[in-house]
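A quick write-up on the structure given underneath.
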Amino acid sequence: MKTFFPFILLLLLLSCGTSHQLKQLGKHYQAHEDYKSLVKIVELLPSDADTALVKSLLGEPIDMGFDYRYLIDSTGEKGCVIGAVFHIDELGKIDQKWVDEICE
């Protein structure tokens, strides 16, 4: 048991750090709608995230029913808006996430 304690403590510290970083990035995105913070949130978002967590970090989405979308004020090479897409599974969990041009 003694050998597992440092490992468990390290995991707790890392998860708390990530949670704090996600909150800070979310505040920054909501204030500036910038690409850098949006990409980092998509990268750091836990694999078991649900829609409530995404909304708490990024604010109200463009809700397509099957995914949430968050945009920035830029367009890509194809002339389409750039944003993050969070696909929602049947249980309300995010099962896919990415940032790219959204051409639809």
ask   = So which of L44, L57, L45 actually passes side-chain contact (heavy atoms from CB on, under 4.5 Å) with L25?
value =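 Answer after filtering L44, L57, L45: L44.
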request  = Mind running side chain to side chain contact (heavy atoms under 4.5 Å, CB included) on I82 and L38 for me, showing each step along the way?
outcome  = CA-CA 11 Å; I82 295 174; L38 189 58; over 6 Å; no
With hydrophobic residues grouped by side-chain heavy-atom distances under 4.5 Å, do [X] and [Y] end up in a single group?
X	Y	result
I88	V99	yes
L22	Y35	yes
V81	I72	no
I62	F66	yes

query = At what distance, to the nearest 0.5 angstrom, does NZ of K27 lie from CG of L58?
reply =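 The distance works out to 13.5 Å.
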When you compare the side chain of [Y] with that of [X], does any pair of heavy atoms fall below 4.5 Å?
X	Y	value
H32	S37	no
I102	L71	yes
K40	Q21	yes
L53	P46	yes

message = Taking side chain to side chain donor-acceptor pair (under 3.5 Å) as the cut-off, I'd like each qualifying pair that reaches into residues 95-104, sequence neighbours left out, listed once.
response =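 Output for this query lists R69-E104, H87-D95.
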message = In terms of relative ring orientation, are Y70 and Y68 parallel, tilted or perpendicular, with 30° and 60° separating the classes?
response =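 Judged by the thresholds at 30° and 60°, the geometry between Y70 and Y68 is perpendicular.
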query = What pair of heavy atoms forms the shortest contact from V42 to F86, and how long is it?
reply =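 In terms of heavy atoms, the two residues are closest at CG2-CZ, 3.7 Å.
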